[in-house]
Enquirer: 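Sharing a structure with you now.
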Amino acid sequence: MADLVARRVEAIERAIGPFLAAMMAPHAQRRVAGGAADFMAGNPQELALPGFVAALARWSVPQDKDWFAYKMMHPRAQEAAARGLGARLGLAFDAADIILARGASGGLALPLHTVVDPGDEVLFVSPPWFFYEAMILAAGATPVRVRVDPDTFDLDLDAIAGAVSAHTRAIILNTPHNPTGKIYPPQTLERLAVLLTEASARYSRPIYVLADEAYNRIVFDERPFHSPGRFYPYSFLIQTYSKSALAPGQRLGYVALPPTMPDRERIRRALLAVAFGHGDLPPDAVMQYALPEIETLSIDIGHLQRKRDRLVAALRDLGYEVHVPEGTFYLLPRTPIEDDVAFTEALARRDVFVLPGTAVEMPGYIRLSLTATDAMIDRALPVFAAAIADAAHSPAR
Ligand code: PMP
């Protein structure tokens, strides 16, 4: 391998190492066994939504000879996505500004490979989704980590201001935020927009926001979601159906350009060119045909919220420290011992599988996915009780 490629691969492997170590750990492999309580990832633990299955079945039947021909963007899918997102965000999207992609991952890769030059810096917020750093590196750019405010989990705007330089080309934001469940408030997004506008002017080139809104339909207590795109025109709004329909193996999502984005037509054309240039083709034909129906589906958010409330109350009763997430699939309790990996292994020995915080740059925590079933929660609570009792006998954190 060429030196540069080898160095990049090594950096990518280092970046995804803690996550892969957690997922591939020998004890974690037992989580698929019957009787296991699997809180490890935002995966479905029950059969898919009937409407999802019906949509795929209906649109799998060809209606003409071109049904499974090579596809660009299916206009009905773009229109349905523009309408749905527009209604949710209160912004009028042009259907042509919906660039269909393979989930949020595909949606993030597109702007990273379109507006970021090799050598540019891309800021990302820590704790991050596992693959941001790897994706920035794969685009030939330099990742720059900025921690959230440790007390509020809000963006730390001073830290962002301190990290922005003449080399900064973009910042990846994720709201609602995996793993803290924080929805960034409008005041923060407004101040961020001012900060980025000033920095863009100072360095004479725009700094883009890549707004990863994967969980923007997974919000609790009927809270409003605030898109960075309402506040800052240089924003790519990255959407996915992996969470709202909870069938992430069927890849479907898109990038939306807000109507306020400067130079929108050129950017749109560039994204399409990059999609093809990278062999990162649009979603499969059947997924595109089914999008208008999948757009109207949602998992039961009320049920997810009841699982959140039950787990938060029960874990607190047991003595765990845990905050209440505003959205996403995740709970983030502190571990009663310092070593979250050891604590994860102790739970796994009793068939409860969670992600160690170390995998998401939150040592001293574990991450639990609320996609686990009620029956899994029933089985897990006595195990959480036993684990914290055991921890009381081990050295203090
Ligand atoms: N961003 C965040 C914050 C996520 O949690 C995930 C999935 N867990 C993704 C992106 C990737 O989503 P997709 O399956 O749509 O590629």
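Computed from a predicted structure; not experimentally measured. Counting starts at 1 for both ligands and their atoms, in listed order.
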Enquirer: Would you check whether Arg102 has a nitrogen or oxygen atom less than 3.5 angstrom from a nitrogen or oxygen atom of ligand 1?
Expert: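 No; every N/O pair is 3.5 Å or more apart.
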Enquirer: Under a 4.0 angstrom heavy-atom cut-off, which atoms of ligand 1 come close to Asp212?
Expert: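 So the atoms of ligand 1 that pass are 1 (N), 2 (C), 3 (C), 10 (C).
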Enquirer: Decide yes or no for Tyr289 and Trp67: does some side-chain heavy atom of the first lie under 4.5 Å from some side-chain heavy atom of the second?
Expert: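 Tyr289 vs Trp67: side chains touch.
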Enquirer: Indicate yes or no: does Glu133 engage Arg145 in a salt bridge with an N to O separation below 4.0 Å.
Expert: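 A salt bridge links Glu133 with Arg145.
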Enquirer: Would you mind running through ligand 1 and noting each atom that sits below 4.0 Å from a heavy atom of Tyr215?
Expert: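 What qualifies from ligand 1 is 3 (C), 4 (C), 5 (O), 8 (N).
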Enquirer: Based purely on interatomic distance, does Ala104 place a nitrogen or oxygen under 3.5 Å from a nitrogen or oxygen of ligand 1?
Expert: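 By distance alone, the answer is yes.
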Enquirer: Going by the order shown, which atoms of ligand 1 are within less than 4.0 Å of some heavy atom of Ser242?
Expert: 13 (P), 14 (O), 15 (O)
Enquirer: Is it true that Asp263 and Arg266 have a side-chain N and a carboxylate O under 4.0 angstrom from each other?
Expert: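 Salt bridge between Asp263 and Arg266, a charged N being under 4.0 Å from a carboxylate O: yes.
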Enquirer: Side chains of Trp59 and Glu293: is there a donor and an acceptor less than 3.5 Å apart?
Expert: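 There is such a pair between these side chains.
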Enquirer: What do you reckon, does Tyr330 have a nitrogen or oxygen under 3.5 Å from a nitrogen or oxygen of ligand 1?
Expert: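 Tyr330 vs ligand 1: no N/O contact under 3.5 Å.
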Enquirer: Looking only at protein heavy atoms, identify the closest one to atom 15 (O) of ligand 1 and say how far it is in Å.
Expert: Thr240 OG1, 2.5 Å
Enquirer: In terms of side-chain geometry, is the basic nitrogen of Arg88 or Glu295 positioned less than 4.0 Å from the acidic oxygen of its partner?
Expert: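 Salt bridge present between Arg88 and Glu295.
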Enquirer: Would Tyr215 and Tyr330 count as having a side-chain donor-acceptor pair, cut-off 3.5 Å?
Expert: yes
Enquirer: Looking at ligand 1, does Tyr241 have a heavy atom less than 4.0 Å from it?
Expert: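 It does not; every heavy atom stays at 4.0 Å or beyond.
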Enquirer: Closer than 4.0 angstrom, basic N to acidic O: yes or no for Arg310 and Asp378?
Expert: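 Answer for the salt bridge query: yes.
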Enquirer: Is the shortest distance from a heavy atom of His177 to ligand 1 less than 4.0 Å?
Expert: no
Enquirer: Would Asp284 and Arg102 pass as an ion pair if we require N to O under 4.0 Å?
Expert: yes
Enquirer: Suppose I only count heavy atoms of Arg251 and a 4.0 Å limit; which atoms of ligand 1 are within that range?
Expert: 13 (P), 14 (O), 16 (O)
Enquirer: Kindly indicate whether the side chain of Pro206, heavy atoms from C-beta on, has any atom under 4.5 Å from the side chain of Arg169.
Expert: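 Counting from C-beta outward, Pro206 and Arg169 do come under 4.5 Å.
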Enquirer: Can an N or O of Asn174 be found at a distance shorter than 3.5 Å from an N or O of ligand 1?
Expert: no
Enquirer: Which atoms from ligand 1 have a heavy atom of Gly103 less than 4.0 Å away?
Expert: 15 (O), 16 (O)
Enquirer: What atoms of ligand 1 come closer than 4.0 angstrom to any heavy atom of Lys243?
Expert: 6 (C), 7 (C), 8 (N)
Enquirer: Numbering the atoms of ligand 1 from 1, which are under 4.0 Å from a heavy atom of Ser105?
Expert: 11 (C), 13 (P), 16 (O)
